[in-house]
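Report on one structure; see the data block that follows.
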Amino acid sequence: MSSFQIIVGSMLGGTEYVAEACEQQLLALAHQVELHLTPKFEQINSKNQIWLICTSTHGAGDYPDNLQEFAADLENYDQDLSSVKYLVIGIGDSSYDTFCLAAKNIDKLLNSKGCKRVVELKTLDMSQDIDPEELASLWIESNKDQL
């Protein structure tokens with residue numbers, strides 16, 4: 001099976017629950033998983049890995065505090081990342097015009113660095129989705145053949 005690095009961007013902890021639900025679903029599918037609640041770019045394995053980025057958006061479309069350094073380091077990284085495959089889950093509230101903007105931005109950044117998107121960006125609307133953890137798990141399950 002595949003090896004996943006789950007990279008979490010969260011301000012209030014809700015995104016961590018979504019990431020943990022994804023972790024459990026991936027483990028149930030017999031994948032190897034490492035969860036990073038305080039992601040440090042230099043500590044995350046990029047060789048033949050699938051990165052699952054789970055992030056909320058903070059303020060005016062910014063990355064959560066714990067993801068800012070990771071995103072900056074990724075942006076400044078000039079080595080080959082073409083072996084990295086990735087998925088992104090954005091958690092937000094659609095009543096804001098910056099709905100899931102951090103997720104959309106990290107998706108663009110990863111793509112610009114040569115990483116290969118496995119599945120299109122998934123957004124979870126906290127103003128409408130009753131159980132985002134379950135929806136994230138179902139999303140992983142429904143895309144299991146691509147993982």
Side-chain angles (χ1 to χ4, degrees), residues 2-29 31 33-46 49-79 81-82 84-147:
S2 299
S3 181
F4 283 83
Q5 303 290 316
I6 300 178
I7 300 159
V8 182
S10 182
M11 290 297 288
L12 302 175
T15 306
E16 292 176 19
Y17 296 128
V18 171
E20 289 168 352
C22 291
E23 175 187 33
Q24 293 306 311
Q25 185 62 41
L26 289 167
L27 289 170
L29 294 170
H31 294 291
V33 181
E34 189 171 347
L35 184 67
H36 304 274
L37 298 176
T38 308
K40 301 290 183 209
F41 183 79
E42 67 277 357
Q43 296 174 351
I44 295 176
N45 189 348
S46 64
Q49 299 289 305
I50 299 175
W51 289 0
L52 171 55
I53 315 290
C54 296
T55 187
S56 59
T57 298
H58 181 65
D62 301 320
Y63 294 116
D65 290 347
N66 73 315
L67 192 63
Q68 287 181 8
E69 182 180 337
F70 174 87
D73 289 347
L74 174 61
E75 189 167 347
N76 294 323
Y77 193 70
D78 61 0
Q79 304 295 316
L81 288 174
S82 62
V84 175
K85 297 177 183 175
Y86 75 93
L87 307 95
V88 178
I89 297 177
I91 294 90
D93 182 331
S94 64
S95 65
Y96 291 93
D97 60 353
T98 58
F99 175 64
C100 292
L101 187 57
K104 294 171 186 174
N105 287 340
I106 199 86
D107 178 63
K108 289 178 191 172
L109 179 57
L110 287 162
N111 194 294
S112 76
K113 294 296 182 176
C115 301
K116 308 289 188 274
R117 185 185 305 117
V118 176
V119 179
E120 288 300 314
L121 170 78
K122 174 69 173 171
T123 58
L124 299 173
D125 187 351
M126 298 305 282
S127 70
Q128 296 179 11
D129 297 332
I130 296 171
D131 190 347
E133 293 90 0
E134 182 178 348
L135 291 174
S137 293
L138 291 171
W139 181 71
I140 296 285
E141 176 67 27
S142 69
N143 290 293
K144 67 182 177 186
D145 293 338
Q146 294 159 306
L147 306 177

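Residues: numbered from 1 along the sequence shown.
- Nearest heavy-atom pair, A19 versus L35, reported as atom, atom and distance to 0.1 Å: CB-CD1, 4.0 Å.
- Between L124 atom CG and L135 atom CG the span is 6.0 Å, to the nearest 0.5 Å.
- A side-chain donor-acceptor contact under 3.5 Å links K116 to the backbone of G114.
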- request: Using the side-chain contact (heavy atoms from CB on, under 4.5 Å) rule, take Q79 and L81 through it: C-alpha gap first, then chi angles, then the decisive distance, then the call.
  value: CA-CA 6 Å; Q79 304 295 316; L81 288 174; 5.9 Å; no
task: Decide yes or no on side-chain contact (heavy atoms from CB on, under 4.5 Å) for I106 and I7, but give the supporting numbers first.
output: CA-CA 11 Å; I106 199 86; I7 300 159; over 6 Å; no
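- A donor-acceptor pair under 3.5 Å is formed between the side chain of N66 and the backbone N or O of S10.
- Of all the heavy atoms in I44 and P39, the pair that sits closest is CD1-CB, 3.9 Å.
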field: Steps toward side-chain contact (heavy atoms from CB on, under 4.5 Å) verdict (W139, C22)
entry: CA-CA 9 Å; W139 181 71; C22 291; 5.6 Å; no
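- Taken to the nearest 0.5 Å, the CD atom of Q25 stands 12.0 Å off from the CG atom of L52.
- A pairwise comparison of heavy atoms in V84 and S46 identifies CG2-O, 3.1 Å as the closest pair.
- Just one of L110, L109, N111 meets the side chain to side chain contact (heavy atoms under 4.5 Å, CB included) condition when paired with K113; it is L109.
- Counting only distance, with no hydrogens or angles, the side chain of T57 and the backbone of A102 share a donor-acceptor pair below 3.5 Å.
- With sequence neighbours excluded, the residues satisfying salt bridge (Lys or Arg N to Asp or Glu O under 4.0 Å) with K144 are E141.
- Closest non-hydrogen pair, A136 versus I89, comes out as CB-CD1, 4.1 Å.
- With sequence neighbours excluded, the residues that form a salt bridge (Lys or Arg N to Asp or Glu O under 4.0 Å) with D107 are R117.
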Test side-chain contact (heavy atoms from CB on, under 4.5 Å) applied to L101 and Y96, step by step: CA-CA 10 Å; L101 187 57; Y96 291 93; over 6 Å; no
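- Counting all heavy atoms, side chain and backbone alike, Q5 lies closest to N45 at CG-O, 3.6 Å.
- If you run side chain to side chain contact (heavy atoms under 4.5 Å, CB included) between F4 and each of L87, I140, L27, only L87 comes through.
- Rounding to the nearest 0.5 Å gives a distance of 7.5 Å between CD of Q68 and NE2 of H58.
- Side chain of K104 to backbone of T98: no donor-acceptor contact under 3.5 angstrom is found.
- Other residues, nucleotides and ligands place no more than 12 heavy atoms under 6.0 Å from the NZ atom of K85.
- Note that the CE atom of M126 and the OG atom of S94 stand 11.5 Å from one another [nearest 0.5 Å].
- Atom NE2 of H36 sits about 11.5 Å away from atom CZ of F41, to the nearest 0.5 Å.
- In this structure, CD on E133 lies 9.0 Å from CD1 on I91, to the nearest 0.5 angstrom.
- S56 approaches M11 most closely through the heavy-atom pair OG-N, 4.0 Å.
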